Amino acid sequence: MRTSFWKPENLASRTAGGGSRRRVGRLALVTALSVAVGVGVAACGSSSSDSGGPINLVAYSTPETVYDKQLIPAFQKTSEGDGAKFSTSFGPSGDQSRAVAAGQPADVVHLSIEPDMQNLVDAGLVDSNWDQNQYHGIVQDSVVVFVVRKGNPKNIQTWDDLIKPGVEVVTPNVFSSGGAKWNILAAYGAQIEEGKSPTQALAFLKSLLEHAVAQPGSAGDALTTFTSGKGDVLLSYESDAIEAQRAGEDVEYVIPDDTILIETPAATTTDASTQAQDFLKFLWTPQAQQLWADGGYRPVNKSVLDKNKDKFPDPPGLFTVNDPSIGGWEKANTDFFDPTNGSVAKIEENLGVSTG
Amino acid sequence: MTPVAPGARAEAPPRPVAWPRLGGAALGRGLVTAYLSLIVLIPIAALVAQSIDGGLDGFWTAVTSPLAVSALKLTLISSAIVVAVNVVMGTAIAWVLVRDNFPGKAIVNSVIDLPFALPTIVAGITLLALYGTNSPVGIDIAFTRVGIVVALLFVTLPFVVRAVQPVLLELDQEMEEAAASLGAGPLTTFRRIIFPNLAPAILAGAALAFARAIGEFGSVLLISGNLPKTQVASLFIYAQIQSGNDTGAAAVSVTLLLIALVVLLVIGRLTHWTLRHDR
């Protein structure tokens, strides 16, 4: 589906074809060839997976600490993980997915939204039945929460509190940050849960975005913006909120009654080594699930989750992206987040035009 | 920078002496062509190819979408303001650095280049902390268009200063003295003697500052707030890439490049004119 930004094959032939001036032409040809060879080598490099090499873990930004400090050392102590070396890369989910699709070596990928995984399935790098296990390929969960200032001075408890006069909201821009889509889906789905019609729910999204005083490019930028003093509420993942508190920020968080379950998928690539596959399996073991819980993420393993119930209370109106109110990622991406025709794009367009 | 046409060797200008014998000029040109191709031309050609991936219709739809238009407009207007401020303040700074003597001048002179060395995202965070909601100096311009202009002023500061400074150093003060002795006031001296001499350098600095400003990303990332009404073109393009709309992103980028090209050509023309006017 997606076309590459970089098309060396076409350009190389174009450059090589035009050389009537001999030396320059020859140089251009050499140049074009070396570009082609370089690309070829890079392509080969990414597809070969020697069993002795490190496990390339490519993941979205926030679980970096849990992986580096907890999960990887724990895996290396198991018999399967004995002597395993890791090469890790963390960054925005969409960027990571694109990088892997473009040839960045990857054995285990962990992304923040399912469409980023689908992107790799479409590229033939991840098997299409990656989600065929009892956890549907999801390694940990979180929920969308309201991060507020210490003491919750504006007493933000419900979604409706966010659109009260004078309340300033910070939420990452959904077009820059795939993970921010969870926030919008949470806001929309919560309205449906409360019995509103889809039209009313969209109207709510519009007022919510009108209350947005900043829409930073990523969850990290949004937290920086919020802790710099701007806004009364930050829409965020529960895991990020816990992390921010741990980092000593003067914030607390409120779990709204109706909110979405954030499910982050992980998979191995088609040419991953056995050890890499073992590492992925390890992420679902009770031991690793407890490490996720310690790191602020909701375990997908039911018994581990139950053990950590006091830390992760169940909101009464919890729903998932696959609930009928939203209808799954594919529908959500078309209906809400299509950059030209999605309803959120339309709302943003109106906000930009009315004041610009 | 038009590449030399094939077969143009015959009427080429007299060869500079520095080239070694063995067809050195052609080799040099070939090297330059290959280098420019690798570094600039091929990537830009790929970008243009990508931008028309959805046909010319797709290109047009992408660049005329309301958000794209508002982002492009905001970028150009803020960049124009930034260039105007830089032309005045940059020239003034260069003037003070060359013509004035004060303690700590050497330090000030080195400080000018710091915006180049600082990673722009750090510049953005610093500006946000200093001129944001919790501003220690009581100035809150974050998440406004003023904030964008300030961030761009920060990152483009050195261009005009560094372009004007060497010219000012070379400028013969006897000309000014002659003008003064012939009865010209300071204003006339500036208008008739100093400005015409500095104009090409100011324009060169302005061109660089403009080109830098329209593409700037890191420093405006945080301070703009990335709201629909404060989204500059680079952030809009980034959002399009993140949303999987590569073609739209490329189309807006190419539009930005075309605008930059036109502006640079106009500035080049102006420079030419000032040089002629000078004589």
Side-chain angles (χ1 to χ4, degrees), chain A residues 1-8 10-12 14-15 18-28 30-32 35 92 94-95 98 115 119 170 172-178 209 212-217 221 224-225 228-231 337-340 345 348-356, chain B residues 4-9 23 26-27 29-31 33-35 37-38 41-43 45-47 49-50 53 61-62 65-67 69-71 73-74 125 128-129 132-135 142-143 221-222 224-231 235-236 238-250:
Chain A
M1 277 295 275
R2 290 161 49 76
T3 47
S4 158
F5 227 105
W6 173 243
K7 291 177 178 161
N10 304 343
L11 289 156
R14 217 173 288 163
T15 317
S20 67
R21 210 152 120 248
R22 264 207 217 136
R23 279 198 192 85
V24 174
R26 214 179 296 155
L27 254 172
V30 170
T31 306
V35 168
D95 284 349
R98 263 185 297 281
N119 186 24
V170 175
N173 187 311
V174 289
F175 297 104
S176 319
S177 157
L209 290 172
V213 287
Q215 293 186 30
D221 290 347
T224 308
T225 302
S228 86
K230 192 68 180 174
F337 306 122
D338 184 275
T340 40
E348 297 263 303
E349 227 162 64
N350 285 327
L351 291 177
V353 172
S354 62
T355 47
Chain B
V4 183
R9 206 153 23 134
L27 187 65
R29 249 181 268 142
L31 207 69
T33 309
Y35 183 79
S37 300
L38 266 182
L41 298 178
I42 295 179
L47 183 67
Q50 173 73 53
D53 204 48
T61 315
S65 84
L67 279 180
V69 171
S70 93
K73 223 158 74 182
L74 176 62
I125 292 176
L128 184 62
T133 318
N134 289 341
S135 168
F143 320 113
L221 181 62
L222 283 167
S224 75
N226 205 16
L227 293 163
K229 64 179 159 61
T230 59
Q231 193 174 48
L235 291 178
F236 175 81
Y238 177 68
Q240 296 303 303
I241 295 171
Q242 292 298 332
S243 302
N245 184 12
D246 286 2
T247 304

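This is a predicted model, so every value here is computed, not measured. Side chains included, hydrogens not; waters and symmetry mates left out as well; all remaining heavy atoms used. Here is how names work: the chains are called A, B, and so on, in the same order as the sequence lines, proteins then strands, and each is numbered from 1.
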### Query
Is the backbone N or O of B:Ile241 less than 3.5 Å from a side-chain atom of A:Arg98, with the two atoms forming a donor-acceptor pair by type?
yes
### Task
Side-chain contact test, heavy atoms from C-beta onward, threshold under 4.5 Å: evaluate it for A:Pro216 versus A:Thr224 and give yes or no.
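The answer is no, as the side chains (C-beta and beyond) never meet within the 4.5 Å cut-off.
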### Query
Mind checking whether B:Leu74 and B:Gln231 have side chains closer than 4.5 Å, heavy atoms only?
no
If we define contacts as heavy-atom pairs under 4.5 Å, which of [options] has the most with chain A?
| options | result |
| --- | --- |
| B:Thr61, B:Ile125, B:Leu128 | B:Leu128 |
| B:Leu222, B:Val69, B:Thr230 | B:Leu222 |
| B:Gly225, B:Gly248, B:Ser135 | B:Gly225 |

### Task
Consider only side-chain N and O atoms of A:Thr340 and A:Asp338, and report whether a donor and an acceptor are under 3.5 Å apart.
yes
### Message
Need one label for A:Val213: side chain, backbone, both or neither, based on atoms under 4.5 Å from any heavy atom in chain B.
### Response
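Just the backbone, heavy atoms under 4.5 Å.
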